[in-house]
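The structure appears below as structure tokens.
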Amino acid sequence: MTIKITGEKVKNREERKPPESILFRYIPGKSSTSSMQNFMSWRMEKLGTGKIENKMPSDEREVKTFHDKELNLYIEMAAIDDIIMHCSLMAEKGLEALGFLVGNLYRWKKKGYEVVHETVTGELESTAVSVKFRRDAFENLFDKLDEIEYDYVLIGWYHSHPGYTSFMSSIDMETQRRMFNREFHVSIVVDPINLELKTFRVSNEKCIEIPYAVFGEK
Ligand SMILES: [Zn+2]
């Protein structure tokens, strides 16, 4: 099944100043893992998701990953909360989570950047080590996308690695290449057990971990 992800309208980026109310920033190779874990546990406490003990083994192995230090991905707090909530609830059941990132492309002083405003997800066929949308989930998923009132762009996707840390595996790379192959597309990988949330792009067949900033109201 081919899914038209980006639409024809990737398009002129709107000129707009990047969000300023930054609540958390993570720069791979620079920020500490504990800062990310503190951020995750702060949100999980707020959301009332308990500590999850349910660690699952996985065959997924990390591909060679490079780091980028330039920040051009901003994620709204409400979207981060939805992602963490979804990944936590599924992890409690011993399952992986998956969804799409909805947002827009902007530009400021000749530099492009992406903002994730919200997420959508659908009925999943999930196990502890794999996840995909159920065949009948797509209609529902596209209905949800239809309800979004602004001119959105699918920025990418998120999924969880419950208990086996945040990285891109070769299967994840394949998914990204197949479904999200534009240069602005991102992948968020969340481990709600080890409290990790990392963001990646695929560029020239290379996996690149990129910085992200979370913004919005506390
Ligand atoms: Zn994965």
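Starting from 1, each residue takes its place in the sequence as its number. Note that these values count all heavy atoms, side chains included, but never hydrogens, waters or copies made by symmetry. Nothing here was measured: the structure is a model prediction, and the numbers come from that model. Read the numbers this way: they start at 1 and go in the same order the structure lists the ligands and their atoms.
Coordination check, E96 versus the Zn ion (ligand 1): failed, since every N/O/S atom of the residue sits at 2.8 Å or beyond.
Counting just the N/O/S atoms of H159, the one with the shortest distance to the Zn ion (ligand 1) is named NE2. H161 contributes atom NE2 as its closest N/O/S atom to the Zn ion (ligand 1). Among heteroatoms of the N, O or S kind in E60, OE1 lies nearest the Zn ion (ligand 1).
Looking only at side-chain heavy atoms (C-beta outward), W157 and H185 stay at 4.5 Å or farther from each other.
Taking both residues in full, the closest heavy atoms of I210 and F200 are given as CG1-N, 4.1 Å, listed atom of the first, atom of the second, then distance.
Atom CG in N72 sits 6.0 Å away from atom CD in E70 (nearest 0.5 Å).
A side-chain N or O of D172 and one of S169 form a donor-acceptor pair less than 3.5 Å apart.
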